Protein chains: 4
Amino acid sequence: MKEVKNQRDKYDKILQAATKVFAKKGFFASKVSEIAKEAGVADGTIYLYFENKDHILISIFEEKMQLVLDNMVKELSSEPGPIEKLKKFAQVHLKLIEGNKDMAELIQVELRQSSKFMKNYKNEKFLRYLDLIAEILKEGQEMGIFKREIIPGIFKRAFFGALDEMSRFWVLSTKKYYDINTAADQISSYFLKGICA
Amino acid sequence: MKEVKNQRDKYDKILQAATKVFAKKGFFASKVSEIAKEAGVADGTIYLYFENKDHILISIFEEKMQLVLDNMVKELSSEPGPIEKLKKFAQVHLKLIEGNKDMAELIQVELRQSSKFMKNYKNEKFLRYLDLIAEILKEGQEMGIFKREIIPGIFKRAFFGALDEMSRFWVLSTKKYYDINTAADQISSYFLKGICA
Amino acid sequence: MKEVKNQRDKYDKILQAATKVFAKKGFFASKVSEIAKEAGVADGTIYLYFENKDHILISIFEEKMQLVLDNMVKELSSEPGPIEKLKKFAQVHLKLIEGNKDMAELIQVELRQSSKFMKNYKNEKFLRYLDLIAEILKEGQEMGIFKREIIPGIFKRAFFGALDEMSRFWVLSTKKYYDINTAADQISSYFLKGICA
Amino acid sequence: MKEVKNQRDKYDKILQAATKVFAKKGFFASKVSEIAKEAGVADGTIYLYFENKDHILISIFEEKMQLVLDNMVKELSSEPGPIEKLKKFAQVHLKLIEGNKDMAELIQVELRQSSKFMKNYKNEKFLRYLDLIAEILKEGQEMGIFKREIIPGIFKRAFFGALDEMSRFWVLSTKKYYDINTAADQISSYFLKGICA
DNA sequence: TATGAATGAGAATTCATTCAT
DNA sequence: CATGAATGAATTCTCATTCAT
């Protein structure tokens with residue numbers, strides 16, 4: 001029991017260290033030895049827990065995206081209707097970014113590269129996350145709240161993209177120009193009510 | 001005069017080759033020798049035109065983004081009002097992606113990394129491109145067409161992000177699910193009219 | 001007493017496992033952890049019985065060559081004269097190979113390397129084995145059966161080499177072209193009677 | 001022309017250096033950087049001429065065995081009959097060893113390992129060399145000089161093995177106990193006339 | 001004794017960049 | 001200007017060995 005705990009601890013410690021290092025320098029510029037140092041383990045120890053450098057990145061996505069996903073599902077469930085859910089999605093997403101800059105940066109920047117160098121890695125968790133948006137839309141359409149002609153496959157990307165670009169700006173900036181809540185409310189309002197006067 | 005032309009030719013040939021190679025493999029996985037081969041020049045020749053590998057990428061952004069920028073400005077200028085301009089922006093942006101997959105992929109994926117490994121490179125052209133959106137908004141606000149409370153710094157990112165995520169989907173997919181015009185119209189309509197019934 | 005027996009058991013088990021693994025992959029390509037796994041012990045346990053990886057190989061030679069040596073001495077002792085002894089040597093040597101492919105391969109291939117990487121290891125057992133041949137020769141020369149001008153130091157190597165190359169062929173081939181007895185008889189006959197008609 | 005010469009020179013220089021280093025330390029214990037240093041080139045230069053470390057060894061075999069083969073064929077061709085050819089083979093083989101200790105050691109020791117780590121490398125040149133012996137035998141058998149019952153596949157290995165074990169002794173010893181000619185004559189005489197008085 | 005997680009020195013290989021031609 | 005052979009620093013990953021439990 002104690003040993004199992006220790007192993008899991010070390011696994012987590014490495015993952016956390018890798019998240020930090022990758023976020024700071026990017027995947028390619030990060031050295032395994034840096035991750036090891038950051039995690040306080042020997043270089044070789046990394047390879048007891050991960051097949052190779054690529055798989056560290058993959059594991060980060062898998063683990064973190066699952067948490068993000070679970071959290072979002074939980075948060076949305078307490079909202080009464082589609083409109084509130086969409087607002088909540090924006091709030092929660094941007095809030096999450098603020099609290100996990102390292103992870104956010106990874107998902108922002110490195111995730112996008114992943115399809116290049118990790119040919120066979122399908123980011124299912126991320127697709128599931130996107131689908132949460134589509135489901136909100138569909139629910140609203142069935143209730144007659146949202147226009148029927150909105151195409152879910154387009155909408156989910158547009159809505160996510162809007163939030164994502166916003167958070168990318170925060171992640172890459174050192175200073176924060178806008179308040180999280182303001183930004184979240186603005187963005188969900190663009191989509192809900194449009195920008196026309 | 002002829003030599004100058006030849007030099008410019010070779011510079012362009014290398015840039016074009018690099019765009020293709022970077023888009024296919026990503027910046028880090030691309031080798032200078034591959035670019036040289038694709039361009040039909042010797043490895044060493046690359047260094048007569050570019051300081052180093054990083055600067056090839058930077059030059060691509062500079063050159064291509066200028067074209068993109070000029071094109072967008074020209075296209076927007078023929079539109080009568082802010083609403084039409086915003087629709088046009090979406091149309092032109094997505095159309096551009098379709099016609100320049102390599103470049104689109106570069107801007108999508110590698111641009112995001114650039115701030116990591118090229119510390120002092122400020123992507124001014126890209127920021128200028130974003131500002132085109134902000135200017136359309138401001139114009140509309142001044143005319144009373146768009147709501148006053150929309151914050152340009154947030155809006156420009158949300159609008160661009162929505163288009164960008166959509167095109168990322170296309171760039172990375174092999175198959176194209178949605179028609180360009182449909183997507184452009186949907187997205188601009190989300191922002192202009194909202195999605196509520 | 002029981003513990004001593006157990007210790008010896010484990011020692012033997014490791015040695016047997018190492019013989020198998022070394023034979024299959026060669027000394028350098030074999031991993032200590034593979035030997036441990038094959039022997040059913042923990043990696044660290046190996047080091048309770050052997051100083052290091054090199055000494056496992058050395059121990060195999062020592063132990064196995066002693067058995068080979070004892071067996072050969074016993075088998076030769078029942079032969080009446082030098083001619084019969086030489087024939088017997090060939091028979092026994094090749095038969096041994098057939099029954100102990102793993103060990104044979106080790107002696108064939110790895111023994112030859114040993115002098116390289118294990119600077120101070122003198123393979124005394126092997127030299128003793130070679131000398132059995134020289135002794136048969138000398139016995140025959142004293143009895144006037146073998147030519148006086150045959151130099152034992154050359155003969156023992158030539159005879160052993162002939163058998164050894166033959167068995168190397170078997171060890172490395174998957175299929176066996178020639179019958180053991182045929183080969184043994186042919187080879188001893190070359191040396192005893194020459195090949196001339 | 002000059003460049004081609006230079007490239008070939010460097011290729012040869014690396015091969016020669018590798019032969020020396022491999023012979024001294026064995027394939028596995030030899031480091032690519034040592035070979036580079038011995039050859040007077042940078043580590044990376046090795047990889048302009050050879051795919052990897054394995055292929056350096058393979059190339060040595062290919063190149064050297066071809067020379068050995070050509071030389072032996074030439075030497076044998078000037079001999080009148082099978083008996084003289086067999087004597088000559090022994091002479092030339094042992095002489096060759098004496099003049100090329102490094103190469104001899106490689107072929108002796110490392111060749112035997114090659115089937116282990118270079119699974120798909122078939123040592124065709126070596127098999128051809130062995131067949132030269134079989135051909136001498138067959139020629140003699142057709143002329144009625146050698147006994148019909150001698151099996152070429154066994155004989156060639158026995159004869160080669162006898163010479164090979166002898167030369168292995170020389171290669172590994174620092175001092176030389178026997179004269180080359182004496183050894184060659186003794187060995188060929190064992191096979192030709194037998195050792196019985 | 002036995003374990004096996006952890007260590008970290010070490011090695012092959014890559015590739016951006018240089019420079020003699 | 002153009003070349004491309006040569007360089008060598010840098011990095012991932014392996015595995016014999018140790019030692020706390």
Side-chain angles (χ1 to χ4, degrees), chain A residues 2-4 6-7 9-11 14 28-37 39-56, chain B residues 3-4 6-7 10 28-37 39-56, chain C residues 3-4 6-7 10 28-37 39-56, chain D residues 2-4 6-7 9-11 14 28-37 39-56:
Chain A
K2 184 154 163 286
E3 275 166 9
V4 170
N6 282 345
Q7 283 179 222
D9 276 0
K10 202 154 281 180
Y11 176 87
I14 294 168
F28 284 101
S30 298
K31 307 306 156 202
V32 172
S33 61
E34 286 177 284
I35 297 169
K37 200 174 174 185
V41 299
D43 292 19
T45 305
I46 301 272
Y47 292 88
L48 296 177
Y49 294 89
F50 301 92
E51 209 170 305
N52 54 37
K53 197 183 160 191
D54 285 8
H55 276 76
I56 303 176
Chain B
E3 275 167 5
V4 171
N6 284 344
Q7 283 176 223
K10 200 158 282 183
F28 283 99
S30 298
K31 293 162 205 162
V32 172
S33 62
E34 284 178 286
I35 297 170
K37 200 176 171 187
V41 300
D43 293 16
T45 306
I46 301 271
Y47 290 86
L48 297 175
Y49 293 88
F50 299 92
E51 206 176 322
N52 55 35
K53 195 184 165 189
D54 286 7
H55 277 76
I56 303 175
Chain C
E3 275 169 8
V4 171
N6 283 346
Q7 283 177 222
K10 200 157 281 184
F28 283 99
S30 297
K31 292 162 205 162
V32 172
S33 62
E34 284 178 287
I35 297 170
K37 198 177 174 187
V41 300
D43 293 17
T45 306
I46 302 270
Y47 290 87
L48 297 175
Y49 293 89
F50 300 92
E51 207 175 323
N52 55 34
K53 195 183 166 191
D54 286 7
H55 277 76
I56 304 175
Chain D
K2 185 154 163 286
E3 276 166 8
V4 171
N6 282 347
Q7 284 180 220
D9 277 0
K10 201 154 282 181
Y11 177 87
I14 293 168
F28 283 100
S30 297
K31 309 303 157 207
V32 171
S33 62
E34 286 177 282
I35 297 170
K37 201 174 176 186
V41 299
D43 292 18
T45 305
I46 303 271
Y47 292 87
L48 296 177
Y49 294 89
F50 301 92
E51 209 171 304
N52 54 35
K53 197 183 161 191
D54 285 8
H55 277 75
I56 304 176

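Each chain gets a letter, A, B and so on, in the order its sequence line appears, and its residues count up from 1. Values in this document were obtained by computation on a predicted structure and should not be read as measured data. Every heavy atom of this structure was used, including side-chain atoms; hydrogens, water molecules and symmetry mates were not.
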Any-strand Watson-Crick or G-U partner of F:dT14, both distances under 3.5 Å: E:dA9
Please determine, for F:dA20, whether a Watson-Crick or G-U wobble partner exists with both distances under 3.5 Å, and give it or none. E:dT3
Atom pair distance, as rounded to whole Å: NZ in A:Lys37 and P in F:dT11: 13 Å
Closest nucleotide among E:dA16, F:dG8, E:dT13 to the B:Lys31 side chain: E:dA16
Candidates F:dA2, F:dT17, F:dT12 - which lies nearest the side chain of A:Val32: F:dT12
Mapping B:Asn52 and D:Gly44 to their closest nucleotides on DNA chain E, which lands nearer the 5' end? D:Gly44
Residue whose closest nucleotide on DNA chain F lies nearer the 5' end, B:Ile46 versus C:Ser30: B:Ile46
Taking for each residue the nucleotide of DNA chain F bearing the nearest heavy atom, is the 5' side occupied by B:Gly40 or by C:Asp43? B:Gly40
Shortest side-chain distance from C:Leu48, nucleotide among F:dA6, E:dA2, F:dA16: E:dA2
Atom CD1 of B:Ile46 and atom CD1 of B:Ile56: how far apart are they, to the nearest 0.5 Å? 5.0 Å
In terms of side-chain heavy atoms of D:Ala42, which of F:dT7, E:dA2, F:dT3 is nearest? F:dT7
Can you say whether the rings of D:Phe28 and C:Phe28 are parallel (under 30°), tilted (30 to 60°) or perpendicular (over 60°)? parallel
Would you indicate, yes or no, if E:dA2 has its OP1 or OP2 atom less than 4.0 angstrom from a side-chain nitrogen or oxygen of C:Tyr49? yes
Given F:dA16, F:dA2, E:dA16, the nucleotide with the shortest approach to the side chain of B:Lys53: E:dA16
How many Å lie between OH on C:Tyr47 and P on E:dG4, as a whole number? 15 Å
On DNA chain E, more 5' by nearest nucleotide between B:Thr45 and C:Val41 is C:Val41
For the NZ atom of D:Lys31 and the NZ atom of D:Lys37, what is their distance to the nearest 0.5 Å? 14.5 Å
Protein-nucleotide distance (D:Lys10, atom NZ; F:dG4, atom C1'), rounded to Å: 12 Å
Starting from P on F:dC15, measure out to CD on C:Glu34 and report it in whole angstrom. 8 Å
Between OH on residue A:Tyr47 and NE2 on residue A:His55, distance to nearest 0.5 Å: 12.0 Å
